[in-house]
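This report concerns only the one structure given below.
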Amino acid sequence: MTRKTILCVLLAATLPLAGGFKSKACTNIIVTRGASADNSCMVSYAADSHWLYGELYFHPAADWKAGSMLQVTEWDTYRPLGQIPQAGHTYKTVGNMNEHQLIIGETTWGGRMEQVDTAGKMDYGSLIYITLQRARTAREAIDVIVELANEYGYASEGETFSIADKDEAWVMDLVGKGPGEKGIVWVAIRIPDGYICSHANQARIQKFPMDDPGNCLWSPDVISFARSKGYFSGKDEDFDFSAAYNPVDFGGARGCDARAWSAFNQLCDGQFTYLKDGVEVTEPASAWHDYITGKDLSRRMPLFVKPARKLSVKDVADAMRDHFEGTPLDMTTDIGAGGNALPYRWRPMTFKHNGWTYTNERAIATQQTGFWFVAQARHDLPDVIGGLIWFGTDDTATSYLTPIYSNTDEVPECFRVGNGNMLKYSPTSSFWINNRVANQCYKAYDMMAPFVRKAIDEFENAQMGGKVAEMDARALEAYNAILPKAEKKGLGSRDWFAPVKKMLTRYSVETAQEQFREWVALEETLTVKFIDGNVKAQNEDGSFTHSKYYEGQPEGLTQPGYSKKWKEAVANDHGDVIRVR
């Protein structure tokens, strides 16, 4: 079992809820070209795990001799799974994207534990990263995933994959067949252009069109296998993948699908436009409130919806910073947020009181994120330039995304694999400085997080709003100057676009390292500005205001205190003792 599975099993064993409460990791948003502001396909991914370290994986393109073998290691446990034959050529990969603008993300939903084949050689993480080295398009990626899992056995639990290239975006649900039955059962659906999808640790595909092979693919035995196991007994046309392999329960709705709902709610301005029997229907997001709160599981959410506007990468990034703000599940407003509106609840996810079990919310933004990104496959640019992964580490709400071109030849030191780990602090690691910033904010969130968010917005708006476009233009000019000569002499004769990649590498590395230094300085500022519950005033240039007699004495210091909710709760709980007479 992986660390994710072990955590979920332990939690389920202690919770007397229907099916056990699912406290799993990760959230994805998928945006099609027609739904984006710049004609790109986008995938966002928060890799959430209490054990996962935030670093940027990098594999250069390579040619391999015949007979070469690849050691497969389970991604999130480091357990060796065995060897498989290496491909003759592997593509360059940076994080969850490759040089051909292919993107793959995931969320784990587990499903029926008897379907986990621990003897398999392919875990879900290896499926992602090996496929990125072997496939150029989303459809090729689906083929490679299926081929690898069926040939070598699938060692993980149920997964949903986000798979996108510069033209198409797909969502794929898959799960193993259990010990002794090698391979997977699966369904993959192309998201209609102009729509978006989101998933968060609950299988999202229900009924699927069996007469549209151009937009829906599935394993030949996806229905017959369910019948053989007793998971389904109806007519083929009534088959529901999620109902068979990952039946929704209270935890699946409240702890998982609620995050997908919240992403839709933000990006659709509270109105879900979706396809019902081929016709667009619009309903308020509140129509699914009983579902996401676990009160009524009979009406699932649509798989994909139309956003309220063409989405920018900033829109998607900010949706990943959500704590249900402005909804009935808002984590900043109840007494659990303490005196400073903290939208986090430490684990475990549930607690008992007077014979009842209560749950904390599981929002998109969470404290245990290892790394996260919004990746763009940009149709209007050549592959050499088009692939862009906006990469960050730790809590999405208090960390920044920095642009890394997928054709970079080097990873910034702050993201380098091996620069620290979960048990070894590194002062040059992005993961650790973002943890320091986040944990500073947790002590006085309503005061400190807005200060950090302002710094995030300034950096991201500058990069997303113009600086990356300027870099794109310079790189495209160099590309167009090289292209005629490369085509004349043969594109495969050498790496003609090495100068372009060098430009992109320099920009990716320097931008990331510069912003890392800014974040180190920000953490120092947080320490000085918010020490001991005080807030020190600053001038427009960022310097602290001080008295006219001594530069080391603050001027304009304030003490904001606590929220109204907290004051009411403390007065009700302890007022007889602390009331001023």
Side-chain angles (χ1 to χ4, degrees), residues 18-19 22 30 107 109-117 139 142-143 145-146 149-150 154 157-161 163 170-192 195 197-199 201-253 256-257 260-261 272-281 283 287-288 290-292 294-305:
K22 300 173 185 175
I30 313 171
T107 71
W109 41 264
R112 304 176 187 275
M113 297 315 298
E114 67 264 25
Q115 289 186 256
V116 177
D117 177 14
R139 290 175 188 259
I142 294 169
D143 289 342
I145 288 168
V146 172
N150 286 344
Y154 179 61
E157 55 271 38
E159 287 283 331
T160 300
F161 283 175
I163 308 173
W170 290 71
V171 59
M172 180 182 189
D173 280 344
L174 62 92
V175 66
K177 297 180 180 180
E181 297 193 64
K182 192 163 60 174
I184 56 174
V185 286
W186 58 276
V187 178
I189 294 179
R190 188 178 74 85
I191 302 165
Y195 285 78
C197 179
S198 181
H199 55 91
N201 310 119
Q202 171 65 49
R204 295 277 281 116
I205 296 176
Q206 299 173 67
K207 293 183 180 181
F208 52 92
M210 301 181 186
D211 57 353
D212 188 8
N215 296 297
C216 183
L217 306 169
W218 63 93
S219 56
D221 59 347
V222 67
I223 299 177
S224 61
F225 183 81
R227 290 186 190 279
S228 71
K229 293 295 184 179
Y231 304 154
F232 175 71
S233 60
K235 298 178 180 178
D236 282 5
E237 57 266 31
D238 295 327
F239 181 73
D240 179 319
F241 183 94
S242 176
Y245 296 113
N246 185 214
V248 69
D249 56 18
F250 177 90
C256 302
D257 267 356
W261 174 88
F272 290 5
T273 297
Y274 63 100
L275 292 172
K276 184 176 182 180
D277 298 325
V279 178
E280 281 194 349
V281 177
E283 293 186 72
W288 286 274
D290 283 352
Y291 171 69
I292 64 161
K295 297 175 183 177
D296 181 1
L297 304 180
S298 64
R299 189 176 186 231
R300 297 285 299 275
M301 295 189 307
L303 179 59
F304 37 76
V305 295

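Along the sequence shown, the residues carry numbers beginning at 1.
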If you take all heavy atoms of [X] and [Y], which pair is closest and at what distance?
X: F225; Y: S228; answer: O-OG, 2.6 Å
X: Q115; Y: G176; answer: NE2-O, 2.7 Å
X: L275; Y: P192; answer: CD1-CG, 4.3 Å
X: G294; Y: L297; answer: CA-CD2, 4.0 Å
X: I191; Y: C197; answer: CD1-CB, 3.4 Å
X: R300; Y: S242; answer: NH1-OG, 3.1 Å

Are any non-hydrogen side-chain atoms of W109 and D173 less than 4.5 angstrom apart? yes
Partner of I145 under side chain to side chain contact (heavy atoms under 4.5 Å, CB included), chosen from Y154, F161, W186: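 With I145 as partner, side chain to side chain contact (heavy atoms under 4.5 Å, CB included) holds for just one option, F161.
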Checking side chain to side chain contact (heavy atoms under 4.5 Å, CB included) against I163, which of M172, R139, R190 comes through?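 Single side chain to side chain contact (heavy atoms under 4.5 Å, CB included) partner of I163 among M172, R139, R190: M172.
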Let me see the working for L303 and Y195 under side-chain contact (heavy atoms from CB on, under 4.5 Å), right down to the final yes or no. CA-CA 10 Å; L303 179 59; Y195 285 78; over 6 Å; no
I need the [X] [atom1] to [Y] [atom2] distance, nearest 0.5 Å.
X: N246; Y: R112; atom1: CG; atom2: CZ; result: 8.5 Å
X: E280; Y: T273; atom1: CD; atom2: OG1; result: 6.0 Å
X: N215; Y: W170; atom1: CG; atom2: CH2; result: 6.0 Å
X: K207; Y: D236; atom1: NZ; atom2: CG; result: 12.0 Å
X: I292; Y: D257; atom1: CD1; atom2: CG; result: 9.5 Å
X: C216; Y: I205; atom1: SG; atom2: CD1; result: 7.0 Å

Between F239 and F241, how do the two ring planes meet: parallel, tilted or perpendicular, split at 30° and 60°? perpendicular
Over 60° means perpendicular and under 30° means parallel, so tell me whether F272 and W288 are parallel, tilted or perpendicular. parallel
Would you please test K229 and E181 for side-chain contact (heavy atoms from CB on, under 4.5 Å) and show each step? CA-CA 12 Å; K229 293 295 184 179; E181 297 193 64; 3.2 Å; yes
Treating N201 as the side-chain partner and G252 as the backbone partner, does any N or O pair qualify as donor plus acceptor under 3.5 Å?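 Flag not set: sc N201 to bb G252 has no pair under 3.5 Å.
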Hey, is the main chain of L174 close enough, under 3.5 Å, to the side chain of E159 for a donor-acceptor pair?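 No, E159 side chain to L174 backbone: no donor-acceptor pair under 3.5 Å.
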Can you tell whether the side chains of D290 and R299 come within less than 4.0 Å, N to carboxylate O?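 Not counted as a salt bridge, because no side-chain N and carboxylate O are separated by less than 4.0 Å.
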Going by an N to O cut-off under 4.0 Å, is there a salt bridge joining K276 and E283?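 No, this pair does not count.
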Non-neighbouring partners of E237 that pass salt bridge (charged side-chain N to carboxylate O under 4.0 Å, His left out), sequence neighbours left out: none
Results of ring-ring contact (aromatic ring centres under 6.0 Å, His included) for W218 - residues two or more places apart only: F208
Is there a side-chain contact (heavy atoms from CB on, under 4.5 Å) between K177 and D117? Walk through the geometry before answering. CA-CA 7 Å; K177 297 180 180 180; D117 177 14; over 6 Å; no
Under the side-chain contact (heavy atoms from CB on, under 4.5 Å) rule, what do Y245 and V222 come out as? Steps first, then yes or no, please. CA-CA 10 Å; Y245 296 113; V222 67; 4.1 Å; yes
Ring centres under 6.0 Å, that's the criterion: do W261 and Y291 meet it? no
